[in-house]
Amino acid sequence: MLEYCVCPKCERMIMLDGEFPSGFCLYCGTHILYAEAREELLEGLKTIIPDELVLEADLSELIEEDGAGEDSYGVSECREEADKGHEYMGKWDFEKAFASYSRALEWSPLDFESMCGRMTAGILRLKDVEQWEGYLSDCIALIRSQADWNMAQKALEYALDIMRKFLSKGGRFVSPHYTRGFFGKLMESFPVLRKTACDIFAHCLNVAYAPFTDAARLDHETTRFAVGDYPAEQIKEYRRGMLLVIRYHEDSHIKESLCRALYVYDRAVWLRNKDIARINDAIELCESVTDGSYPPQDVKIVIGAMYDFLMMGGLEQNTTPREKRLFLSRVYTYEQVKRMERFFGGYLFFYQLYGEIYLMQKKSSPLSAEYKRIQEKIKRLSP
């Protein structure tokens with residue numbers, strides 16, 4: 001079975017088959033002894049984790065009263081399987097730990113310790129990521145006070161710290177499409193873990209564009225390449241993930257850098273291919289962030305980045321405004337620029353483009369009320 005290891009030469013995260021005594025690093029080609037590489041990973045990870053997975057809490061304060069009178073049937077079997085799960089967690093065998101905690105819950109479905117253990121192991125094995133939100137919801141359903149330092153919060157902190165170490169050493173990235181609900185619920189329910197969770201989610205959202213920006217990188221060793229056979233993203237929709245980072249991330253610089261990484265840096269491809277879905281995604285991001293629930297500084301970040309994307313501002317210094325308008329007039333429909341007016345109404349370039357696209361519509365005329373309105377706005381904005 002493939003296990004995570006660390007190459008002693010380049011210090012990258014790799015996966016080796018424990019059934020063979022040695023293997024090779026897929027990055028630098030170094031011949032590696034499995035036992036030594038595995039030990040180096042475990043020691044390196046343990047240095048960033050203050051304790052092993054210690055799940056200690058006053059359950060009377062954490063578990064809903066519905067489970068207080070649970071029958072004792074299956075308790076001893078549940079504890080036996082949970083202990084096996086703890087043992088496997090100590091060995092960093094997350095697959096077997098997940099199986100043990102799952103069997104424990106079959107004996108006692110409301111056992112909070114096993115529930116937290118299954119969630120932790122389920123996250124760290126990096127499989128079935130679409131189930132993470134369900135594991136978290138099961139734990140939250142048993143917690144009376146989410147703000148307390150409790151068993152679920154300790155388990156999540158433990159899992160996030162190890163996940164961050166995986167990513168910083170080139171481990172598999174975590175699908176933002178499948179885990180967006182999980183990270184959103186985690187940030188909402190556990191404010192203490194919000195920064196760490198938001199950093200990890202922003203990194204995963206940006207992983208495909210890592211060469212272009214330092215936005216949301218966890219450290220300089222982070223790689224855009226995935227290890228193993230993790231499936232590619234099924235849907236490339238940035239708006240919902242970006243809104244999550246905008247809402248919860250504390251660093252405005254990272255918000256802006258990430259927004260530009262996801263939209264601005266590859267805009268030439270989107271616009272030349274007339275990728276309507278991507279264009280609409282950017283417009284919908286503007287519409288969502290201006291719904292009144294985001295502070296003005298966040299609105300300014302998004303609108304500024306989306307203007308540079310949609311109106312090609314900032315980077316094409318050798319292209320004249322007229323050339324840009326000629327190109328964009330063949331990309332956007334009148335309906336799209338009409339939606340953009342709400343956000344870019346203060347830009348002369350936008351209204352010049354608006355007028356050119358309007359005249360391309362059937363039955364449009366410079367004598368119409370709409371065109372006169374556009375002309376009047378252009379005059380007011382002109383120096």
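Because the structure is predicted, anything quoted here is derived from the model rather than measured.
Scanning all heavy atoms of the two residues, the minimum distance from Gln336 to Val331 falls at OE1-O, 4.1 Å. Here the shortest heavy-atom pairing between Met242 and Cys259 reads SD-CA, 3.7 Å.
Tyr351 places no side-chain N or O within donor-acceptor distance of the main-chain N or O of Glu376, the cut-off being under 3.5 Å. Lys255 places a side-chain N or O within donor-acceptor distance of the main-chain N or O of His249, the cut-off being under 3.5 Å. Between the side chain of Ser329 and the main chain of Leu326, a donor-acceptor pair closer than 3.5 Å is present. Proximity of a side-chain donor or acceptor of Lys84 to a complementary backbone N or O of Ala97 within less than 3.5 Å is not detected. With hydrogens and angles ignored, the 3.5 Å screen pairs no side-chain donor or acceptor of Gln361 with any backbone N or O of Tyr358. No donor-acceptor distance shorter than 3.5 angstrom exists from the side chain of Glu256 to the backbone of His253, with no hydrogens or angles considered.
Taking the six-membered ring for Trp, Tyr347 and Tyr307 have ring centres closer than 6.0 Å. Checked against the 6.0 Å centroid threshold, His177 and Tyr238 do not count as a close aromatic pair.
Under the side chain to side chain donor-acceptor pair (under 3.5 Å) criterion, Arg194 pairs with no residue, sequence neighbours left out. For Arg342, there are no salt bridge (charged side-chain N to carboxylate O under 4.0 Å, His left out) partners at least two apart in sequence or on another chain. Every salt bridge (charged side-chain N to carboxylate O under 4.0 Å, His left out) that Glu87 has, sequence neighbours left out, goes to Lys91. With sequence neighbours left out, the side chain to side chain donor-acceptor pair (under 3.5 Å) criterion links Asp275 to no other residue.
Between the side chains of Gln153 and Tyr158, not a single donor N or O lies within less than 3.5 Å of an accepting N or O.
Contact of the Leu310 side chain with the Tyr263 side chain is not registered, since no non-hydrogen atoms from C-beta on lie closer than 4.5 Å. Side-chain atoms of Tyr88 and Phe94, non-hydrogen and from C-beta on, never get closer than 4.5 Å to each other.
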Between side-chain atoms of residues 133-141 and protein atoms elsewhere (two or more places apart, or another chain), which donor-acceptor pairs fall under 3.5 Å?
{"unit_1": "Ser137", "atom_1": "OG", "unit_2": "Glu133", "atom_2": "O", "d": "2.8"}
{"unit_1": "Asp138", "atom_1": "OD2", "unit_2": "Arg118", "atom_2": "NH2", "d": "2.8"}

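Applying the ring pair (Phe, Tyr, Trp, His ring centres under 6.0 Å) test between Phe201 and each of Tyr178, Phe183, Trp132, Phe182 identifies Phe183 as the sole match.
Sequence neighbours left out, not one pair with a member in residues 242-253 passes salt bridge (charged side-chain N to carboxylate O under 4.0 Å, His left out).
For Lys300, the NZ atom sits in a loose shell: 12 or fewer heavy atoms of surrounding residues, nucleotides or ligands are nearer than 6.0 Å.
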